[in-house]
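I have placed the structure first, in the form of structure tokens, so that the comments after it can refer back to it.
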Amino acid sequence: MSTSKAGRSRPHEGLADLVAEVVRSAASAPLSPADPIASVSALLLLDPRNQDHLNANVTVIVCDALSHPARETNANRWRNLRPTWVRPPTVGATTNGLTRLGVLRPTGKYVPSTDRHGKNLGKLVPVYRLDLKPLADNTKQAKR
């Protein structure tokens, strides 16, 4: 992993491609008053001030999922792995972007949240399965 000018870690090349694809996906998604959460997520992902946060979130989420035998992950698993400087709103935006891209797929399973700081303790959080095939498919299409 390399380091940015600000001293924050940057993802390996493959993860950098994934980050770029999440941002491209957000940029191409239409903003809709009917889906305000997706619209706010897209705006957070597109804000250049959030690039280091997006890099950190994607790196932590993907690496955590890769460490699981079934490639599953959830917010409880990655919460304590995130750097402390990551802005909390970018976590949801990143998760939304990865889900819209098809890289995180909901498994239909839920686990109780262990988040004591965000007042979500005990609320159910979704379990996702990592699927890098959409990224490979998008890369192939881009080369055509």
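No hydrogens, no waters, no symmetry mates; every other heavy atom, side chains included, goes into these values. Keep in mind it's a predicted model, so treat the numbers as computed, not measured.
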Checklist outcome for this item: Rounded to the nearest 0.5 Å, the CD1 atom of Ile61 sits from the CG atom of Leu81 at a distance of 10.5 Å

Checklist entry - Just how far is it from atom CG of Asn74 to atom CG of Leu104, taken to the nearest 0.5 Å? => result 11.0 Å

Checklist entry - Is any side-chain heavy atom of Tyr128 closer than 4.5 Å to a side-chain heavy atom of Thr95? => result yes

Next on the checklist: If I compare all heavy atoms of Pro89 with all of Leu44, which pair ends up nearest, and what's the gap?
Outcome noted: O-CD1, 3.6 Å

Checklist entry - So how far is it from Thr114 OG1 to Asn80 CG, rounded to the nearest 0.5 Å? => result 7.0 Å

Item to check | Evaluation steps, side-chain contact (heavy atoms from CB on, under 4.5 Å), between Val125 and Val111 | outcome: CA-CA 5 Å; Val125 295; Val111 294; 3.5 Å; yes

Checklist outcome for this item: Nearest heavy-atom approach of Gly102 to Pro134 is O-CG, 3.4 Å

Item to check | Val62 reachable from Val127 in the ILVMFWY side-chain graph, under 4.5 Å edges | outcome: no

Item to check | Pair Asp131-Lys133, salt bridge (charged side-chain N to carboxylate O under 4.0 Å, His left out): steps then yes or no | outcome: CA-CA 6 Å; Asp131 181 1; Lys133 187 175 182 319; over 6 Å; no

Checklist entry - Do the non-hydrogen side-chain atoms of Thr73 and Leu130 ever get within less than 4.5 Å of each other? => result no

Item to check | Nearest-0.5 Å distance, NE2 of residue His53 to CG of residue Asn55 | outcome: 10.0 Å

Checklist entry - Is there side-chain contact between Leu66 and Arg71, with heavy atoms separated by less than 4.5 Å? => result yes

Item to check | From CG (Leu45) to CD (Gln51), nearest 0.5 Å | outcome: 9.5 Å

Next on the checklist: Has Arg129 got a side-chain atom pairing as donor or acceptor with Ala70's backbone, closer than 3.5 angstrom?
Outcome noted: yes

Next on the checklist: Would you compute the distance between atom CG of Asp52 and atom CH2 of Trp85 and round it to the nearest 0.5 angstrom?
Outcome noted: 5.0 Å

Item to check | Thr94 vs Asn57, side-chain hydrogen bond (donor to acceptor under 3.5 Å, both in side chains): CA-CA, chis, key distance, verdict | outcome: CA-CA 7 Å; Thr94 303; Asn57 288 326; 3.2 Å; yes

Next on the checklist: Under the side-chain contact (heavy atoms from CB on, under 4.5 Å) test against Ser113, which residue among Asn76, Leu124, Leu121 passes?
Outcome noted: Asn76

Checklist entry - Taking the side chain from Asp115 and the backbone from Asn120, do they hold a donor-acceptor pair closer than 3.5 Å? => result no

Item to check | Stepwise side-chain contact (heavy atoms from CB on, under 4.5 Å) check, Thr90 with Leu54 | outcome: CA-CA 7 Å; Thr90 66; Leu54 178 61; over 6 Å; no

Checklist outcome for this item: For Arg77 and Glu72, the nearest pair of non-hydrogen atoms, with its separation, is NE-O, 3.7 Å

